[in-house]
2 protein chains.
Amino acid sequence: MRVRHEDTRDQILEVALELFVAEGYETASISEVAERLGITKAAVYYHFPAKEDLLLTLVGPFLDHVDEMLATAVPTGHFPAGRRKLLETYLDVLLKHRTLVCLLSRDVSSLNHPPVGQRVKDQTRRLESMLAGPRGGKAAEVRAVAALGVLRRPLVHLPQQDLSDFCSMLIDGAMAVLSVPLPRKRPGKRPQQAAVS
Amino acid sequence: MRVRHEDTRDQILEVALELFVAEGYETASISEVAERLGITKAAVYYHFPAKEDLLLTLVGPFLDHVDEMLATAVPTGHFPAGRRKLLETYLDVLLKHRTLVCLLSRDVSSLNHPPVGQRVKDQTRRLESMLAGPRGGKAAEVRAVAALGVLRRPLVHLPQQDLSDFCSMLIDGAMAVLSVPLPRKRPGKRPQQAAVS
DNA sequence: GTCTATAGGCAGATAGAC
DNA sequence: GTCTATCTGCCTATAGAC
């Protein structure tokens, strides 16, 4: 029965990922996966004991990859050269798992499964604190979070766009965000309305 | 029976928003909303004819606010001063509707309702093309998308953090991203591995 | 490996009493 | 306005034939 693909199992994973991204993990249904493949729900349950195993199987390798990267990463995260290298390798990983980045960035329901959400949360926290450095205070934390927005948003919001040619531009952008100075406070004045000089 | 709040209707909206953000629109259930308020599903359906009306009622004023802002916005989006003003007013709106920004940023299932998703998509497209300017090509488009990541990610990923003191820092960051130059291509060379000079 | 059939649960939504 | 009771439908998951 093999028409040309490796395995039914792989096809299930492929379709499941597509549907999870399009509708969200909880909203997408096993029946829908099965229908698209011209098989029945029961056939899917032969390959995966539960719906959650689809999610875990899809997401596992990506999260492993990130963990690996974070372990290897230079712990000198707050020196400019170290930060740049860190951002570069991270962006590489994100690009290689772009569809999963879309899933985890836009679907709360997949993050609400502790084995997934906890890992993502921990990884993000580690990465952000490496970028923020040990003594940056709140401002550095905000900058780190914002800098990751530079890397991730284009991956998620420009799905058709091949970003290979723009990687170093994005890295430069993230680096710029990490270096933005915090203007001195002016207590008593309206704090969030900035004057256009 | 009024303990101190205005109305049951408002309480329903309040709880619904909280649950939609926490679990995603489709995953959250009317029963859950009702339970939290100590009433029944039927009571909720007295105030709102369908589940979707909860979403639309919550999201409407925010989207109206954005539409209004975009209409008022100076069409000189690609001059630095105009861009800055645009980003400032946009960030203001996002901060005022921060919880809804969280919902729409992290829950695909709410965006899959056309009256919501279409508006959000259109607004984002308009804003991004204003920021990108008429003649920037793909690079400017990518920069615009990335710049919005600077504004939005901290709102969504630092929910506890009051960002009032960091607004101008975020604006500066977004402006910096919009100004990052695109390095000349070097065809034939590995395109996405950037050398650390 | 894939099927049919079905169990069991919970969702959104409605009818009608109070 | 809120209730109880109920309808209908889809979901995850399982049992057992082929």
Side-chain angles (χ1 to χ4, degrees), chain A residues 1-59 103 107-116, chain B residues 1-59 103 107-116:
Chain A
M1 198 62 81
R2 67 161 62 168
V3 274
R4 72 173 190 287
H5 344 68
E6 322 81 48
D7 213 14
T8 300
R9 199 188 126 101
D10 292 340
Q11 289 178 265
I12 292 172
L13 287 172
E14 188 183 322
V15 173
L17 177 55
E18 200 177 319
L19 288 178
F20 290 173
V21 172
E23 308 178 16
Y25 167 70
E26 291 285 359
T27 305
S29 72
I30 301 280
S31 329
E32 220 176 337
V33 175
E35 266 168 41
R36 283 227 194 170
L37 293 172
I39 60 179
T40 64
K41 284 188 290 183
V44 175
Y45 277 100
Y46 168 81
H47 293 277
F48 297 91
K51 188 188 181 186
E52 188 163 18
D53 292 287
L54 284 172
L55 180 63
L56 297 178
T57 305
L58 285 168
V59 145
L103 175 62
D107 175 38
V108 221
S109 75
S110 45
L111 295 174
N112 277 343
H113 291 252
V116 178
Chain B
M1 196 60 81
R2 68 162 62 165
V3 274
R4 72 173 189 289
H5 346 67
E6 323 79 47
D7 213 13
T8 301
R9 199 188 127 99
D10 292 341
Q11 288 178 265
I12 292 172
L13 287 173
E14 189 183 322
V15 172
L17 178 55
E18 200 177 318
L19 288 178
F20 291 172
V21 172
E23 308 178 16
Y25 167 71
E26 291 285 0
T27 306
S29 71
I30 301 281
S31 328
E32 218 176 337
V33 174
E35 266 168 42
R36 283 226 195 170
L37 292 172
I39 59 180
T40 64
K41 282 190 291 182
V44 175
Y45 276 99
Y46 169 79
H47 293 278
F48 297 92
K51 189 190 183 186
E52 187 163 20
D53 292 288
L54 284 171
L55 180 62
L56 297 179
T57 304
L58 285 168
V59 145
L103 175 62
D107 175 37
V108 220
S109 74
S110 45
L111 294 174
N112 277 342
H113 292 253
V116 177

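Letters A, B, ... mirror the listed sequences (proteins, then strands); counts begin at 1. This is a predicted model, so every value here is computed, not measured. Computed over heavy atoms, backbone and side chain alike; hydrogens, waters and symmetry mates excluded.
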Rounded to the Å, how far apart are B:L19 CG and C:dG12 C1'? 16 Å
Whichever of A:P49 and A:T27 has the more 5' nearest nucleotide on DNA chain D, that residue is A:T27
Roughly how far, to the nearest 0.5 Å, is CG of A:L13 from CZ of A:F20? 9.0 Å
Send over the distance from A:E52 CD to D:dC11 C1', rounded to a whole Å. 16 Å
Using the side-chain heavy atoms of A:T40, tell me which of these nucleotides is nearest: C:dA13, C:dT14, C:dC3. C:dC3
Against the side chain of A:Y45, the closest entry in D:dA13, D:dC11, D:dT2 is D:dA13
Between D:dT12 atom C1' and A:E32 atom CD, what is the distance in whole Å? 15 Å
I need the NE2-P distance between B:H47 and C:dG12, as an integer number of Å. 17 Å
Given side chains that start at C-beta, do those of A:I30 and A:L54 come closer than 4.5 Å, heavy atoms only? yes
Return the nearest nucleotide to the side chain of A:S31; candidates are C:dT2, D:dC11, D:dG1. D:dC11
When you compare the side chain of A:D107 with that of A:T27, does any pair of heavy atoms fall below 4.5 Å? no
Atom pair distance, as rounded to whole Å: CZ in A:F48 and P in D:dT14: 15 Å
So, do B:L19 and B:R36 sit near enough that their side-chain heavy atoms are less than 4.5 Å apart? yes
By the 4.0 Å heavy-atom rule, please label B:A28 as base, sugar-phosphate, or nothing. sugar-phosphate
Taking D:dT12, C:dG12, D:dT14 as options, the one with an atom nearest any side-chain atom of A:I30 is D:dT12
Could you check which of C:dT4, C:dG12, C:dT14 has an atom nearest any side-chain atom of A:A42? C:dT4
Could you state the atom-to-atom distance from CG of B:L54 to C1' of C:dG12 in whole Å? 12 Å
Grab the CD-C1' distance between B:E26 and C:dA11 for me, whole Å please. 11 Å
To the nearest 0.5 Å, tell me how far A:S109 OG sits from A:L103 CG. 8.0 Å
A:I12 CD1 - D:dT12 P separation (whole Å): 14 Å
C:dT2 phosphate, OP1 or OP2: any side-chain N/O from A:Y46 under 4.0 angstrom? no
With the side chain defined as heavy atoms from C-beta on, A:K41 is closest, among D:dT12, C:dG12, C:dC3, to D:dT12
